[in-house]
Amino acid sequence: MIDLLPVYTELSKEFDDVDSSWLLCHQVEALIDLGAKLDQKDFKVPVQSKAAVLTAADSYRSRLAVLHEELRPLEDAFERRVVAVGELLQTPALRGELGAEADELAQRLGMVCQTLVQVQAAYRELAGTRNRMAALGLILRLVGGQDVDQSIAQNINDRIGTLATEVRATSDRFQGVFFPFEHADGALTMAQYLVPKIPAPGDFGGSVQAVEKLLENYFYVYFRSIGTLALICSRVEEALGWPPQADPEPILDQDE
């Protein structure tokens, strides 16, 4: 993983840049739908027509798919590390070294992995929801408390309706998946954690809040899960007598 990190870091920077451009395309599309006059010099994605921005969005999405595969070597290495730790936690020698902690670590690792598989599988859909939410957020900021004509009002209502449908679909998707961490409310499903309150049909304010909560909680679970697996791996490696993995050297931008 350390050997693969420099390339992974550079690819991650490109991934973030391309992802930001993909999201921006959705926002520009929303502005074009509102009839806004846009100046190309203010944007790094095409703004001359809806067709142009949709073509650019497809290009960015295709590049993200390629980058996803190019990022896999380090992620696959991490997966192999986690699998190895899971197998080691079943060996008599390590169980004797860790005692009751072995069962606790194995149980936690299994729960987190089961949830993480489902979380990762939902990423493509959640990224789309994120983009549509960003477009809606931009529109709502622009119109503020102003009176808007019927076409703009319908545009906003349609976008909120789409997002509300996606919230309900995501909640349904995670009904049988457990939230893998302790919670003040006790044992929860991921559906309960991601969408604590399903918005009623036509509740536009509730729908927007539900989407915001969904996205915040989804990415929280993802990053906490990765961190938890890393900590479990480090604990098992420590029990084996291996020295702590040295922190990688910082990778600075060329202009730093």
Any idea which heavy atoms bring [X] and [Y] closest together, and the distance?
| X | Y | value |
| --- | --- | --- |
| Ala135 | His26 | CB-O, 3.6 Å |
| Ile160 | Phe204 | CG2-CD2, 3.4 Å |
| Val82 | Cys113 | CG1-SG, 3.9 Å |
| Arg159 | Ala30 | NH2-CA, 3.4 Å |
| Val53 | Cys25 | CG2-O, 3.6 Å |
| Val167 | Pro199 | CG1-CD, 4.2 Å |

Answer yes when [X] and [Y] have at least one side-chain N-carboxylate O distance shorter than 4.0 Å, and no when they do not.
| X | Y | value |
| --- | --- | --- |
| Lys44 | Asp17 | no |
| Lys197 | Asp203 | no |
| Arg72 | Glu75 | no |
| Lys13 | Asp16 | no |

Verify the neighbour count for atom [atom1] of [X]: are there more than 12 heavy atoms of other residues, nucleotides or ligands below 6.0 Å?
| X | atom1 | result |
| --- | --- | --- |
| Arg124 | CZ | no |
| Glu70 | CD | yes |
| Glu79 | CD | no |
| Glu182 | CD | no |
| Phe178 | CZ | no |

Quick check: is [Y] connected to [X] through a chain of hydrophobic side chains (ILVMFWY, heavy atoms under 4.5 Å apart)?
| X | Y | result |
| --- | --- | --- |
| Trp242 | Ile2 | no |
| Leu23 | Phe219 | no |
| Leu214 | Val177 | yes |
| Leu74 | Tyr123 | yes |
| Ile226 | Val83 | no |

Short question: side chain of [X], backbone of [Y] - any donor-acceptor pair under 3.5 Å?
| X | Y | value |
| --- | --- | --- |
| Gln40 | Phe43 | yes |
| Thr115 | Met111 | yes |
| Tyr218 | Leu194 | no |
| Ser59 | Thr55 | no |

For Arg141, the option from Ile139, Val143, Leu138 that meets side chain to side chain contact (heavy atoms under 4.5 Å, CB included):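 Only match with Arg141 under side chain to side chain contact (heavy atoms under 4.5 Å, CB included): Leu138.
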Partners passing ring-ring contact (aromatic ring centres under 6.0 Å, His included) against Phe181 (at least two apart in sequence or in another chain): Phe179
Determine whether [X] and [Y] make a side-chain contact, defined as any pair of heavy atoms from C-beta on separated by less than 4.5 Å.
| X | Y | result |
| --- | --- | --- |
| Glu97 | Leu240 | no |
| Leu136 | Ile156 | yes |
| Met190 | Gln118 | no |
| Leu98 | Arg235 | yes |

Salt bridge (charged side-chain N to carboxylate O under 4.0 Å, His left out) partners of Arg173, counting only residues at least two apart: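 Only Glu125 meet the salt bridge (charged side-chain N to carboxylate O under 4.0 Å, His left out) criterion with Arg173.
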Test salt bridge (charged side-chain N to carboxylate O under 4.0 Å, His left out) applied to Asp3 - qualifying residues, sequence neighbours left out: none
Criterion side chain to side chain contact (heavy atoms under 4.5 Å, CB included) on Leu231 and Arg108, from CA distance to verdict: CA-CA 11 Å; Leu231 286 173; Arg108 197 185 331 161; 5.9 Å; no
Nearest-0.5 Å distance that lies between atom [atom1] in [X] and atom [atom2] in [Y]:
| X | Y | atom1 | atom2 | result |
| --- | --- | --- | --- | --- |
| Ile32 | Gln27 | CD1 | CD | 12.5 Å |
| Leu215 | Leu163 | CG | CG | 8.5 Å |
| Leu67 | Phe15 | CG | CZ | 7.0 Å |
| Glu237 | Ile232 | CD | CD1 | 11.5 Å |
| Glu69 | Leu11 | CD | CG | 12.0 Å |
| Glu101 | Leu89 | CD | CG | 9.0 Å |

Derivation of the side chain to side chain contact (heavy atoms under 4.5 Å, CB included) call for Phe174 and Val119: CA-CA 9 Å; Phe174 282 99; Val119 168; 4.3 Å; yes
Asp158 versus Gln154, side-chain donor and acceptor atoms under 3.5 Å: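 Gln154 vs Asp158: donor-acceptor pair found between side chains.
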CA sep, side-chain torsions, deciding dist, call: Arg168, Val195, side chain to side chain contact (heavy atoms under 4.5 Å, CB included): CA-CA 8 Å; Arg168 289 189 287 271; Val195 189; over 6 Å; no
CA sep, side-chain torsions, deciding dist, call: Val208, Met133, side chain to side chain contact (heavy atoms under 4.5 Å, CB included): CA-CA 8 Å; Val208 171; Met133 183 62 198; 3.5 Å; yes
